Undergrad: 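The structure's right below; bear with me while I get my questions together.
Residue numbers start from 1 in every chain, and the chains themselves are labelled A, B, ... in the order their sequence lines are given, proteins ahead of strands. Here the structure is a predicted model, which means the values were calculated and not measured.
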Amino acid sequence: MKPSLAKGTRDFSAIEVQKRQYIMNVLREEFELRGYDPIETPSFENLETLTGKYGEEGDRLIFKILRSGDFTSKIDEGAWANKDAKTLGAKVADKALRYDLTVPFARYVVQHQNEIAFPFKRYQMQPVWRADRPQKGRFREFYQCDADVVGSDSLWQEVELIHLYDAAFTRLGLGATIKVNNRKILAGMAEVLGISDDFVAFTVAIDKLDKVGASGVLDEMTKQGLNSTAIATFGQWLEAGLTLEALSALLQDSEEGKIGLEEMNFVLTNAVEGLQDSRLVFDFTLARGLNYYTGTIFEVAADGVAMGSVGGGGRYADLTSIFGLKNTSGVGISFGLDRIYLCLEELDLFPEAVAGKASILFANFGEAEAASAYGWVQKLVANGVRAELYPDAAKLKKQFDFADKKQVPYMAMVGTNEMAADAIPVKNLATGAQESKTLEEIIALVRG
RNA sequence: GUGAUUGUAGCUCAGCUGGUUAGAGCGCCGGAUUGUGGUUCCGGAGGUCGCGGGUUCGAACCCCGUCUUUCACCCCA
């Protein structure tokens with residue numbers, strides 16, 4: 001059988017894992033500095049925990065897990081004959097791989113509500129799965145690194161999360177534009193236009209502004225069947241420019257819209273203080289597809305790279321109520337590890353040091369010599385120096401080739417003459433220089 | 001889900017208009033060279049031409065289906 005990977009998945013080799021760990025270490029430090037604690041949840045959940053949380057499109061992209069028993073007996077003939085995928089799906093599968101980290105987190109909070117102290121701040125770095133078609137920067141298995149707070153309505157949380165984004169991307173050296181909006185502003189616009197019932201279609205159209213332009217957005221709205229006078233009015237708004245100032249006049253008659261603007265102003269004025277390298281911009285076209293967002297929403301684009309968003313998030317006032325915990329508002333952000341990786345790679349921003357540390361390989365000259373060499377290896381390892389013995393008494397050429405390929409910088413030669421010696425020949429493989437060294441000298445040399 | 005695109009040795013790729021036994025470079029294994037590598041030279045192994053069907057005297061090449069790759073749309077990190 002020919003080995004191959006499942007669609008949209010990847011293997012990670014040593015250097016890639018090291019680079020990924022570098023990113024995760026930065027994120028972990030920034031999370032923990034601000035009081036977020038780590039949790040983990042299972043890779044799969046009950047199907048009903050996940051369905052209906054991500055919108056229609058999202059439901060389609062959930063990876064379902066086939067029931068392990070005799071699922072065929074649970075299907076009645078009528079449903080099978082109708083080929084109704086939705087009903088059949090629930091019969092055939094009752095578990096699913098997690099689609100994001102937010103919904104499992106909401107489930108976690110409700111289930112552990114008596115053990116945790118609110119406001120509860122957690123971070124989580126785990127893979128998620130989506131049954132999407134792969135393309136640039138899009139995989140079917142990828143990592144999200146999330147920070148969320150639940151149990152506080154305070155807008156200071158939003159401010160902190162913006163600073164968290166800024167601090168992380170600044171440290172990674174990745175120029176980032178943090179776009180923010182507020183769902184209540186969008187809702188207010190729909191309300192004033194009298195198209196609240198078509199809110200989703202409205203946001204989908206608006207979201208395309210930078211891609212298709214103003215006329216494209218209006219065409220899209222027409223295609224979605226929105227009220228034509230509303231579309232015309234919105235066209236005038238677009239022409240005049242939808243700044244925060246303009247919106248405060250336009251949304252006078254919407255209570256929700258006014259609240260949204262208030263919130264947005266608070267977040268913006270407080271978040272610009274102490275911002276490092278990232279740009280923070282209000283973007284009224286930012287909508288986000290996940291339908292559990294209710295207030296502030298975030299999205300981060302990396303500067304200088306053509307890549308989808310490298311992060312996103314927002315406030316969800318009521319996500320836990322689906323699981324039975326009311327009046328508990330949460331807000332959180334997500335870092336897209338895989339896309340951040342691609343950006344850092346493309347812009348050549350990984351530091352040299354992520355590659356493996358220095359180490360030393362002991363050549364194997366035979367049974368007795370190997371035993372002596374292994375004694376050296378043990379002493380070095382005990383002193384925190386990466387050392388290993390070549391396991392077989394192979395030809396030296398082969399042992400050197402191995403060291404080269406593994407990029408081991410030093411090789412030690414414990415031959416018959418050195419078996420009892422206090423100092424042994426150590427060769428620098430890059431320069432070819434060879435010198436006799438004691439244990440202390442080797443420790444100093446390899447540690448650099 | 002829609003529309004394109006890709007698949008030949010471990011890797012990167014040639015392979016003419018359909019015509020004998022499908023090639024190269026790199027890598028791998030062995031030797032020149034039994035305790036000092038990277039160079040060089042010599043030899044060797046390695047291929048169901050993604051898979052299934054069809055057309056043809058004959059298919060890596062043409063047709064259909066399918067899987068896979070990459071890209072765009074939708075949506076998203």
Undergrad: On the nucleotide B:rG37, are OP1 or OP2 found under 4.0 Å from the side-chain N or O atoms that A:K405 carries?
TA: no

Undergrad: With rounding to whole Å, what would you report as the distance between B:rC16 and B:rC76 at their C1' atoms?
TA: 46 Å

Undergrad: Spell out, as yes or no, whether a donor-acceptor pair under 3.5 Å connects the side chain of A:N270 to the backbone of A:V159.
TA: no

Undergrad: What does A:V204 touch in the nucleic acid at a heavy-atom separation under 4.0 angstrom: a base, only the sugar-phosphate, or nothing?
TA: sugar-phosphate

Undergrad: Taking the same atom, C1', in B:rG46 and in B:rA24, what whole-Å distance lies between them?
TA: 15 Å

Undergrad: Could you state the atom-to-atom distance from CD of A:Q124 to C1' of B:rA77 in whole Å?
TA: 15 Å

Undergrad: What's the closest nucleotide to the side chain of A:T416 if the choices are B:rU36, B:rA77, B:rG35?
TA: B:rG35

Undergrad: Taking atom types as they are modelled, would you say the side chain of A:R138 forms a donor-acceptor pair with the base of B:rC75 within the 3.5 Å cutoff?
TA: yes

Undergrad: What is the distance, rounded to the nearest whole Å, between atom CZ of A:R60 and atom P of B:rC76?
TA: 11 Å

Undergrad: May I ask you to say what A:G55 touches in the nucleic acid, namely base, sugar-phosphate or nothing, with a heavy-atom cut-off under 4.0 Å?
TA: nothing

Undergrad: Hey, which of these two, A:R288 or A:K7, hits RNA chain B nearer its 5' end, going by closest nucleotide?
TA: A:K7

Undergrad: Tell me whether the side-chain N/O atoms of A:Q135 come closer than 4.0 Å to OP1 or OP2 in B:rA72.
TA: yes

Undergrad: Between B:rA77, B:rC71, B:rG37, spot the one nearest the side chain of A:K136, thanks.
TA: B:rC71

Undergrad: Aromatic ring centroids of A:F362 and A:Y374 under 6.0 Å?
TA: no

Undergrad: Describe the nucleic acid contact of A:L5 in one word from base, sugar-phosphate, nothing, applying a heavy-atom distance below 4.0 Å.
TA: nothing

Undergrad: Could you state the CD1-P distance from A:I206 to B:rC75, rounded to the nearest angstrom?
TA: 14 Å

Undergrad: For A:D100 and A:Y54, does a side-chain donor sit closer than 3.5 Å to a side-chain acceptor?
TA: yes

Undergrad: Output the distance between atom CD1 (A:I297) and atom CG (A:D283), rounded to the nearest 0.5 Å.
TA: 9.0 Å

Undergrad: Check every strand shown and say whether A:F139 touches a base, only sugar-phosphate, or nothing at a heavy-atom separation below 4.0 Å.
TA: base

Undergrad: Using a 4.0 Å heavy-atom cut-off across all strands, classify A:G137 as base, sugar-phosphate, or nothing.
TA: base

Undergrad: Under 4.0 angstrom, heavy atoms only, what part of the nucleic acid is A:G366 near: base, sugar-phosphate, or nothing?
TA: nothing

Undergrad: Taking only the C1' atom of each, what is the distance from B:rU6 to B:rA72 in whole angstrom?
TA: 15 Å

Undergrad: Do the side chains of A:D219 and A:K223 get close enough for a salt bridge, i.e. N-O under 4.0 angstrom?
TA: no

Undergrad: If stacking means aromatic ring centre less than 5.5 angstrom from the base's six-membered ring centre, planes under 30°, is A:F335 stacked on B:rA77?
TA: no

Undergrad: Pairing check on B:rG25: which nucleotide meets the Watson-Crick or G-U wobble criteria with it, both distances under 3.5 Å?
TA: B:rC11

Undergrad: Any stacking of A:F400 on B:rG38, going by centres under 5.5 angstrom and planes within less than 30 degrees?
TA: no

Undergrad: When we call it a touch if two heavy atoms are under 4.0 Å apart, what does A:Q434 touch: a base, just sugar-phosphate, or nothing?
TA: base

Undergrad: Expressed in whole Å, how much space separates the P atoms belonging to B:rU8 and B:rU55?
TA: 27 Å

Undergrad: What does A:Q144 touch in the nucleic acid at a heavy-atom separation under 4.0 angstrom: a base, only the sugar-phosphate, or nothing?
TA: sugar-phosphate

Undergrad: If you pin A:A430 and A:R133 to their nearest nucleotides in RNA chain B, which one's is more 5'?
TA: A:R133

Undergrad: Answer with base, sugar-phosphate or nothing: what part of the nucleic acid does A:G415 contact at a heavy-atom distance below 4.0 Å?
TA: base

Undergrad: Using atom C1' in both nucleotides, what's the gap between B:rC67 and B:rG30 to the nearest angstrom?
TA: 39 Å

Undergrad: Once hydrogens and angles are ignored, does a donor-acceptor distance under 3.5 Å link the base of B:rG35 to the side chain of A:K395?
TA: no

Undergrad: Does a side-chain heavy-atom distance below 4.5 Å link A:M125 with A:F335?
TA: no

Undergrad: Please give, in whole Å, the distance from B:rU36 C1' to A:L396 CG?
TA: 6 Å

Undergrad: Side-chain N or O of A:K208 less than 4.0 angstrom from OP1 or OP2 on B:rC76?
TA: no

Undergrad: When the C1' atoms of B:rC49 and B:rG15 are compared, how many Å lie between them, rounded to an integer?
TA: 11 Å

Undergrad: Please determine if A:R10 forms a cation-pi arrangement with A:F139, meaning its NZ or CZ atom is less than 6.0 Å from the six-membered ring centre and no more than 45° off the ring axis.
TA: yes

Undergrad: Is there a Watson-Crick or G-U wobble partner for B:rC61 with both distances under 3.5 Å, and if so, which one is it?
TA: none

Undergrad: Rounded off to whole Å, could you give me the CE-to-P distance for the A:M413 and B:rU34 pair?
TA: 17 Å

Undergrad: For a salt bridge (Lys or Arg N to Asp or Glu O under 4.0 Å) with A:K184, tell me which candidate from A:E191, A:E263, A:E256 qualifies.
TA: A:E263

Undergrad: Rounding to an integer number of angstrom, what distance separates B:rC61 and B:rG18 when you compare their P atoms?
TA: 11 Å

Undergrad: Could you tell me how far B:rG50 sits from B:rA9 if I compare only their P atoms? Round to whole Å.
TA: 8 Å

